[in-house]
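Below is one structure; the comments refer to it alone.
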There are 2 protein chains.
Amino acid sequence: MLKKRITLKDIARETGVHVSTVSRALDPVERKNITEEVANRIQAAANTLGYRPNRIAAGLRTNRTMTVGVMIPDITNVIFPPILRGIECVLEPFGYASIIVNTDSDAEREERLIDVLRDRGVDGIIHAAVLRSDPAIAKAAQDGLPVVTLNRKVDGSPIPSVVNDEDSGICQMLRHLRSLGHTRIAHIAGPQDLSTGQLRLTAFRRAAEDMNINVADDLIAVAARFDEAEGARCLATLLTTGRPFTAVLCANDRLALGAIEAMRERNIACPEQISVTGFNDMPFLNLIQPKLTTIRIQQFGAGKAAANILLRLLNSDDKAMIPVATVLPVELIVRDSTARTANGA
Amino acid sequence: MLKKRITLKDIARETGVHVSTVSRALDPVERKNITEEVANRIQAAANTLGYRPNRIAAGLRTNRTMTVGVMIPDITNVIFPPILRGIECVLEPFGYASIIVNTDSDAEREERLIDVLRDRGVDGIIHAAVLRSDPAIAKAAQDGLPVVTLNRKVDGSPIPSVVNDEDSGICQMLRHLRSLGHTRIAHIAGPQDLSTGQLRLTAFRRAAEDMNINVADDLIAVAARFDEAEGARCLATLLTTGRPFTAVLCANDRLALGAIEAMRERNIACPEQISVTGFNDMPFLNLIQPKLTTIRIQQFGAGKAAANILLRLLNSDDKAMIPVATVLPVELIVRDSTARTANGA
DNA sequence: TTGAAAGCGCTAACAT
DNA sequence: ATGTTAGCGCTTTCAA
């Protein structure tokens with residue numbers, strides 16, 4: 001049987017004061033309104049009895065659970081653990097714990113999980129699995145629940161977001177490829193229902209135009225998911241259309257990994273025949289051959305940034321001053337999957 | 001401002017019955033004691049009003065939060081995400097959510113986090129970061145809090161554990177090395193304050209003896225942590241002692257990866273000059289060169305198993321019938337980091 | 001400065 | 001079958 005917990009009432013009985021006095025003595029803010037000596041006596045009793053505040057009870061009363069929900073697509077995707085550590089790193093010192101849930105990129109499941117989190121009375125949600133059109137989280141935010149989206153954003157929504165500079169990333173990458181002599185460049189785009197997929201594709205088109213690189217429609221393949229299988233499928237599609245290319249810029253690392261795998265199966269050498277690039281710089285990438293040229297996004301940093309925004313939302317420090325969008329800088333990481341074109345082909 | 005939530009009281013007012021009747025009608029178990037028609041009316045009202053149960057309030061009353069704590073060393077260690085999915089996979093269908101915390105292998109932090117979890121009224125804890133001697137969690141278990149340890153166990157403790165068959169794993173690996181002609185085999189052992197480190201070292205010594213392999217003390221290096229840096233350090237130590245070896249069996253994959261890296265720096269080829277083996281078969285291992293020969297443990301499966309034990313603990317189904325130790329089978333995975341010895345050296 | 005009392009939303013024992 | 005009542009442990013207004 002679970003040993004009975006020490007409550008304020010126990011301390012009150014022990015010290016001969018009223019439970020509300022105990023509550024005050026143990027509250028760092030209220031403590032100043034209590035006689036020094038009494039407060040000390042209460043504190044001492046609390047310590048010896050091994051008192052631990054019951055946050056459930058406090059939460060019921062104050063309507064704050066000091067718990068936040070964190071939604072991600074899938075924790076086994078290595079990009080997310082560092083993000084979670086970033087979140088924890090800022091939230092924990094303030095006494096917050098987080099409940100992490102995996103949506104598996106399933107909108108129905110996501111909606112259910114939002115309810116799960118709300119039922120548990122989370123004070124706010126950090127959402128790293130949001131869709132461009134996401135009525136479920138929009139409704140939650142509408143109801144007044146503090147929400148921050150991470151890595152992704154909801155189209156035309158007032159929900160604050162922390163994202164990476166997709167535009168600059170794609171632009172830097174395209175410039176890098178062109179500097180190696182590539183002019184026939186394909187793009188494996190991400191899912192278009194995600195802001196990342198859509199923004200990177202748009203950025204690709206715009207940057208290509210700026211650089212006078214002609215991008216035929218059949219040099220663009222759109223992945224249904226950000227995974228290796230889709231990367232492989234898209235590369236196959238690009239090859240079968242027949243239009244030649246010497247480089248393929250992928251919307252993220254996993255697509256790139258899948259593309260390279262598909263090339264390997266067809267005895268197409270990377271980077272000798274086709275250069276391939278990624279996006280994210282996920283952990284372990286530098287250990288996998290060929291080492292992928294990619295855009296490094298801030299993982300830990302993005303988690304911290306989102307948590308900081310949420311913190312401000314929670315303490316509603318003049319809402320109007322909270323940025324609705326925070327864009328984090330990215331960095332080009334050149335490795336071995338990109339090379340100079342043999343000829344101008 | 002947070003929109004006011006619909007409560008039982010609201011539904012009671014709406015339907016003209018007492019709040020306790022509403023509570024019963026909405027409880028799948030109690031519902032049968034309510035007139036069909038009334039129950040339906042209540043259910044309908046709950047739906048239209050968008051009622052969501054307040055688990056905080058229920059938890060305060062029932063002393064069950066339907067929340068469990070999960071303690072791991074560090075979520076960025078790729079071995080843990082699959083374990084977490086395994087846990088989620090069995091707990092979620094029963095309505096449990098989990099709060100995941102990272103101990104960073106710091107005993108003090110671990111103790112604090114146990115308090116954090118208890119303050120939040122978790123119904124139980126799955127502990128994958130436990131030390132062989134771990135007074136903090138022992139005390140929690142003593143107090144009646146359901147606890148299961150995962151991957152690791154506490155020495156001589158009644159706390160149920162789910163672990164891998166370390167003994168068989170080490171034995172299979174040693175047999176594999178010997179079958180390749182290796183007789184001078186070193187061991188990079190894990191931290192001895194962890195059951196995994198200790199059991200694997202013990203297993204190594206015993207298995208070597210059984211196979212008449214002589215293991216001098218200076219062929220054993222003990223790592224302070226299960227990480228790459230320690231693997232590298234230990235390999236350097238082994239090399240400097242001067243006693244020759246043709247293979248090194250490492251207590252886990254990260255130590256092995258570190259050892260291989262240290263060899264690379266010294267231009268020692270793996271597996272041509274020295275074979276190296278790991279343990280765990282962590283994700284991505286098959287993408288890293290040289291592909292590591294290792295022992296595959298069940299990651300997802302271990303999470304599921306631990307969650308199942310916890311579930312039984314929570315429902316105290318004849319405690320005496322709950323296994324105090326569950327040992328999961330392991331599997332030898334032969335890849336490219338082990339090779340036949342050139343001569344009998 | 002301290003005590004009394006109410007109540008957060010829910011469940012459950014008891015009464016009808 | 002339903003209503004009444006009490007109370008989980010805490011915070012917070014109001015009174016003294």
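Quick note on labels: first sequence line is chain A, next is B, and so on, each numbered from 1.
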### Query
What's the CG-C1' distance between Asp10(A) and dC8(D), to the nearest Å?
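One finds 13 Å between C1' of dC8(D) and CG of Asp10(A), rounded.
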### Query
Between Asn33(A) (CG) and dC14(D) (P), how many Å, whole number?
16 Å
Heavy-atom donor-acceptor pair, [X] side chain to [Y] backbone, under 3.5 Å:
X         : Y         : result
Asn315(A) : Leu311(A) : yes
Arg120(B) : Met66(A)  : yes
Thr103(A) : Glu110(A) : no
Asp104(A) : Asp106(A) : no
Arg132(A) : Arg152(A) : no
Asp143(B) : Leu145(B) : no
Asp123(A) : Thr65(A)  : yes

### Per-nucleotide protein contact string for nucleotides 7-12 of chain C, where B marks a base within reach and S marks sugar-phosphate only (heavy atoms under 4.0 Å, - for neither)
BBBBBB
### Task
Show your reasoning for whether side-chain hydrogen bond (donor to acceptor under 3.5 Å, both in side chains) applies to Asn102(A) and Glu88(B).
CA-CA 9 Å; Asn102(A) 301 282; Glu88(B) 175 193 57; 3.0 Å; yes
### Task
Give, ordered by number, those residues of residues 37-46 of chain A having at least one heavy-atom distance below 4.0 Å to an atom of DNA chain D; if nothing qualifies, reply none.
none
